[in-house]
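All figures in this text were calculated on a predicted structure; none of them were measured in a lab.
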Amino acid sequence: QVQLVESGGGKVQTGGSLRLSCRASGRPFSLYTWGWFRQAPGKEREFLAAIAGTGGPGYHTDSVKGRFTISRDIAKNTVYLQMNNLKPEDTATYYCAAKPRGEGTDAWSSWGQGTQVIVSS
């Protein structure tokens, strides 16, 4: 199973930016699809974006499209989430996840420990 370690969270003011990183280890990067999720207090976990480990553009949900960008560095086994124009409603714990390439949306089987993002108004 692949191991994931996130970093890059913190506190930022409205309109600011953060870049989250997720370093993977244990299995070949190309075997997986990589995703970012978030969970705010009292709310369900929300899927944000995904990208294939083998290449190609990322997919972003409408709620973050135009503000967040998922990317990967295959050489570094790392997935990123660039977050711009942050809003207080983006406050949450952000999780990196992986699922075997080609599997469905309920196959996210590997998760990082989460990194907290706080956006102040």
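- Sorted by first then second residue, the ring-ring contact (aromatic ring centres under 6.0 Å, His included) pairs that include residues 72-121, not counting sequence neighbours, are Phe37-Trp108, Phe37-Trp111.
- Taken to the nearest 0.5 Å, the NZ atom of Lys43 stands 8.0 Å off from the CD atom of Glu89.
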Let me see the working for Leu18 and Val117 under side chain to side chain contact (heavy atoms under 4.5 Å, CB included), right down to the final yes or no.
-> CA-CA 9 Å; Leu18 284 173; Val117 171; 3.9 Å; yes
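- Taking OG from Ser120 and CD from Gln13, the interatomic distance works out to 5.0 Å, rounded to the nearest 0.5 Å.
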Going through the checks in order, is the side chain to side chain donor-acceptor pair (under 3.5 Å) test met by Asp73 and Thr78?
-> CA-CA 5 Å; Asp73 186 331; Thr78 301; over 6 Å; no
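- What you find for Ala24 and Leu4 is that their closest heavy atoms are CB-CD2, 3.8 Å.
- You'll find the side chain of Leu86 stays beyond 4.5 Å of the side chain of Thr14, heavy atoms only.
- Between Phe47 and Val64 there is no side-chain heavy-atom pair separated by less than 4.5 Å.
- Here the CD-CD distance, from Glu6 to Gln113, works out to 4.5 Å after rounding to the nearest 0.5 Å.
- Residues Lys99 and Ala107 come closest through the heavy atom pair CB-O, 3.1 Å.
- In terms of modelled atom types and a separation under 3.5 Å, the side chain of Gln1 and the main chain of Ser109 share a donor-acceptor contact.
- For Asp90 and Arg38, the salt-bridge test passes: some basic side-chain N is under 4.0 Å from an acidic carboxylate O.
- Side-chain contact, Gln82 with Ser71: no donor N or O sits under 3.5 Å from an acceptor N or O.
- The closest side-chain heavy-atom distance from Leu20 to Thr115 is below 4.5 Å.
- Once rounded to the nearest 0.5 Å, the distance linking CG of Asn85 with OG of Ser17 reads 8.0 Å.
- Taking the side chain as every heavy atom from C-beta outward, Leu81 and Leu48 approach each other to under 4.5 Å.
- If you chain together hydrophobic residues whose side chains sit under 4.5 Å apart, Val79 and Val5 never meet in one group.
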Side chain to side chain donor-acceptor pair (under 3.5 Å) evaluation trace for Ser110 with Gln3 = CA-CA 7 Å; Ser110 299; Gln3 290 79 47; over 6 Å; no
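- Proximity of a side-chain donor or acceptor of His60 to a complementary backbone N or O of Gly66 within less than 3.5 Å is not detected.
- Using a 4.5 Å cut-off on side-chain heavy atoms (C-beta onward), Ile51 and Tyr59 make no contact.
- Taking CD1 of Ile74 as the reference point, atom OG1 of Thr54 lies at 7.0 Å (rounded to 0.5 Å).
- For the pair Ala98 and Tyr32, the tightest heavy-atom approach, listed with the atom from each and the gap, is CB-CD2, 3.9 Å.
- For Lys65, the NZ atom is densely surrounded, since the number of other residues' heavy atoms within 6.0 Å is greater than 12.
- Aromatic ring centres of Phe68 and Trp36: separated by at least 6.0 Å.
- The shortest heavy-atom contact between Lys76 and Arg23 is O-NH1, 2.6 Å.
- In the hydrophobic cluster analysis, where Ile, Leu, Val, Met, Phe, Trp and Tyr join through side-chain heavy atoms closer than 4.5 angstrom, Met83 is grouped together with Val12.
- Between the OG1 atom of Thr69 and the CG atom of Asn84 there is a distance of 6.5 Å, given to the nearest 0.5 Å.
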